[in-house]
Amino acid sequence: MGVHGLTTYVEGNKQFFQDVKFRDSVLIVDGCSLYYRLYFSHSLDQQHGGDYDAFSTLLAQFLSALAACSIQPFVVLDGGMDPSDKKFSTLRERLRSKIKEAESLSHGRHGSVLPLLTREVFIQVLTQMGVPLVQCPVEADWEIACLARQWKCPVLTNDSDFYIFDLPGGYLPFHFFNWTHLSGRAPHQFISARRYTTQLLCRWFGGLNRQLLPLCAVLSGNDYGTPRCAETLFTLLDLTGGGGGGGGRGARKPSSSRIEGLLYWLSHFPGPGEALGEISRLLGESGIQGRVGGGGRRGREEETTSGKGHSLLWAAMQEYCVQSPSSLAAWFAGGKAASDVSPSLTAPLPECLGSAALRGLLSPLVRDVVVMHRVLLYPQVENSKQASSQECARPIRQVVYRLLLQSGGARKGADATVLALGKAVAVQGTTSQGKRDGTGRGRGRGRGGRGGAKDQALQMQTSGDKDEVGGGQGDSGGAAVPEGSTAPICVDEYDRQHLNLKRNQVELPPPGKALQLDALVQAPSTARKTFLLEVLGVKESDLASVSPNLWLAVGVTAFWSREASPSPSLPQLQALILGMVYGEVTRNNQPGATCNQRSSPQSNWAAERGVWGHLDRLRVRPGERRGLDLGGAHAYSQWQACLWSATCLNHLLLQPLPNQQMPWLFSGSLVHGLLKTLSGGRTAESLVGGGPLSGQLYCSLLDAVRKCSSKTQASSAAGGGRRGKRGNRRGGRGRGSGRGGGGGGGGGADLSNRFAFLMAEEEFEEEFEEG
């Protein structure tokens, strides 16, 4: 959630921390905070689409540092959007901000935009290094806090909410976690760090009751907004300080003096009940809508002594009330099966996908589509005067949407989740408040998402949400279509249009027969593989000369070469493939690589390393005083969007194609440097001529892409009616859907028929073999 201004205040007061020599410990790591922190604090490339090889190397170094100090990390990742929509305004404001930052980066100015495939690279490296991880259904901070409380171990993150959670093992901020310079001698090395505990802060404020810290957080404002009564209260208490009550950026951020003054004021109360009572008195409130206590005399007394502000503040405070046991503990205990954990962690996905989701192998997009019928598409550094790079990959995403929303099992799961959320909202006002003395521990979190009360969100001051081009929030979230209905299903995609955030309502015409996701993922892998290749418009026979670990990359590249607008130039295609060759040479020379992992038999690797070194010297180096090639940036952003969407589909089908080695598939600074070299007159063949295997791999990849991209080949289930001239793609448009929003002509309508045919073919072959 993030408490406005709290990090600045706490980290500016050393007395709230204890210096520690951290080693020999379990450590719970906020995964999202980790990959953001590593990428942005080490000056890795953002302008050219990301250097995933450098990021993977950095992440491996971080994990090795933990291992050297006998620290066992357990990584917890955020999932999809909170179904209560309390944070939706904040998420959209962040998207708007990132659109502008991406535009700034494209012109050589400052900005922070995480490259699109960073999360996938992060998960892949953790998995390969054997680091335990789990992906939560929604935001992970509360689940992290529960697990840390149960295990009594510290949390490593960069989230100011952990200055509020009462954790016995404390909180280690990244800012003070000096992992790059280990201290001591092996085997007794340690990481110098600072540990924060609520006990240290509360002791500084004269024994402040720790149960009052959530009230401080709510009044200061977090990502869910700021209570409307907060500014009035600060004025009455003369705590207006130098900032306003909006909790936004710049001049309106709560000042350190405001937070300190609020903590001093709260220290005068023995508990939350008394503090909330005083707030009600100061605001002149009496009478609450509905009973906050139990039945009988006690309940009637509380009913008349609490006000609306009291009720809302108490409900918001429950976001910080940590409970044990944690629902994640069973997963990390070694079960690693969806049936071993609470159903709340896998709902509303079919059981066959639950384990994949928990392991981070399903994008948060999957749950967002099933529950919310909504997707937020992250911006990239590209040409803002052209259509968003994500539009190129929309046909692939539409196949994902169809599988998720036109499957009976997925619809029933979504119905159950929405129903549970509705019940949580209905009971919020009567059951989540607990006792007025502050000892109640009502969670206030519907299992569809933490804190289910929409009415609470409406009582918070949040950013405006009516300035999207093409619509506001939309009402389709979670509205599952009844089985057998002929009404079209829509998914809201929030994407860039020029420098604005636009909602595109992507309409999915009903197929002739509902796809059954359960049946699809249980089908033979050959049927799922053929299905995926058809979506990309690729024949397996055209991939025969390429190692299977590059099939998805080649298929995506062929799809991109047909669908991208403007059409990729030959140098852009050649530079991209040379980058893949570089990645394969790098991967094959990693410590521990075996002949079985190599794309080609081991031969003269000295010559291949010479090619590798020559290509590496052609990178765009930091600080080079030349502008970004916007045409190349836009083309490669479209390629990354296609790869990201195709990877989502491959994971949804339980990986019929081998997992791509993401760290070695694309390096933006290298590919842009190669593009410059090729545009200057050098030939691609001359750049790999010194290495026989590199040259052979380059020719094989280029030849496969050309075969898969040929016009006679182009008949993908995804592209459908998008073939023809790129400037004139007309697939039926949904309302406000933009280019191809309606599903790309007739290809999508055949989806279930294509799969039924493939299944029948598989069954026939099996029967023939048995006979």
Side-chain angles (χ1 to χ4, degrees), residues 1-3 6-7 9-11 16-38 41 59 62-63 65-67 69-79 122 126 131-179 190-202 210 213-214 216-217 222-223 319-333 345 360 443 445 450:
M1 291 171 287
V3 181
L6 188 57
T7 295
Y9 172 67
V10 175
E11 292 189 358
F16 301 150
F17 295 90
Q18 175 188 14
D19 291 328
V20 294
K21 299 178 179 179
F22 192 63
R23 60 167 286 108
D24 291 319
S25 176
V26 168
L27 179 65
I28 299 175
V29 180
D30 179 346
C32 295
S33 285
L34 175 57
Y35 63 68
Y36 272 96
R37 177 77 181 183
L38 288 180
S41 63
L59 176 58
F62 172 82
L63 297 173
L66 297 186
C69 300
S70 301
I71 298 168
Q72 172 60 65
F74 291 83
V75 178
V76 184
L77 286 161
D78 287 336
F122 180 79
L126 291 180
V131 176
L133 73 97
V134 68
Q135 178 176 273
C136 293
V138 290
E139 192 174 20
D141 55 354
W142 189 82
E143 297 287 358
I144 290 173
C146 291
L147 184 63
R149 186 175 183 84
Q150 179 174 341
W151 286 357
K152 296 180 174 56
C153 68
V155 173
L156 179 66
T157 182
N158 201 34
D159 189 336
S160 56
D161 288 320
F162 287 86
Y163 289 124
I164 303 298
F165 288 123
D166 186 16
L167 305 178
Y171 160 34
L172 303 175
F174 274 117
H175 184 66
F176 303 121
F177 195 75
N178 195 17
W179 69 270
F190 61 88
I191 295 174
S192 298
R194 290 184 185 178
R195 176 160 50 199
Y196 164 90
T197 62
T198 56
Q199 182 181 7
L200 291 173
L201 181 140
C202 290
R210 281 175 278 187
L213 292 179
C216 176
N222 56 31
D223 287 346
E319 299 290 343
Y320 298 97
C321 293
V322 179
Q323 292 182 339
S324 293
S326 164
S327 57
L328 301 181
W331 173 262
F332 283 131
L345 291 177
R443 247 170 102 171
R445 288 172 168 79
R450 298 171 319 118

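Considering only residues two or more places apart in sequence or on other chains, F22 meets the ring pair (Phe, Tyr, Trp, His ring centres under 6.0 Å) condition with none of them. Qualifying ring pair (Phe, Tyr, Trp, His ring centres under 6.0 Å) partners for F74, counting only residues two or more places apart in sequence or in other chains: W151, F332. Here F177 pairs with nothing under the ring pair (Phe, Tyr, Trp, His ring centres under 6.0 Å) rule; sequence neighbours left out.
Classification of the F162-Y171 ring pair by plane angle, with boundaries at 30° and 60°, yields tilted.
For the residue pair S326/E143, the side-chain donor-acceptor check at 3.5 Å is not satisfied. Side-chain contact of Y36 with N158: a donor-acceptor pair under 3.5 Å is absent, judged by distance alone.
Here the CZ atom belonging to R23 is positioned 12.0 Å from the CG atom belonging to L66, to the nearest 0.5 angstrom. Rounded to the nearest 0.5 Å, atoms CG (L34) and CG (L63) are 7.5 Å apart. If you take CD on Q150 and CD on Q323, they are separated by 12.0 Å, rounding to the nearest 0.5 Å. Atom NE2 of H175 and atom CZ of R194 lie 7.5 Å apart (nearest 0.5 Å).
Contact between R210 and T198 at its shortest, heavy atoms only, is CD-OG1, 3.1 Å. Minimum heavy-atom separation, R149 to V322: CD-CG1, 3.6 Å.
None of L77, V29, V131 except one satisfies the side chain to side chain contact (heavy atoms under 4.5 Å, CB included) rule with L126; the exception is V131.
For the pair I164 and V3, the minimum side-chain heavy-atom distance is below 4.5 Å.
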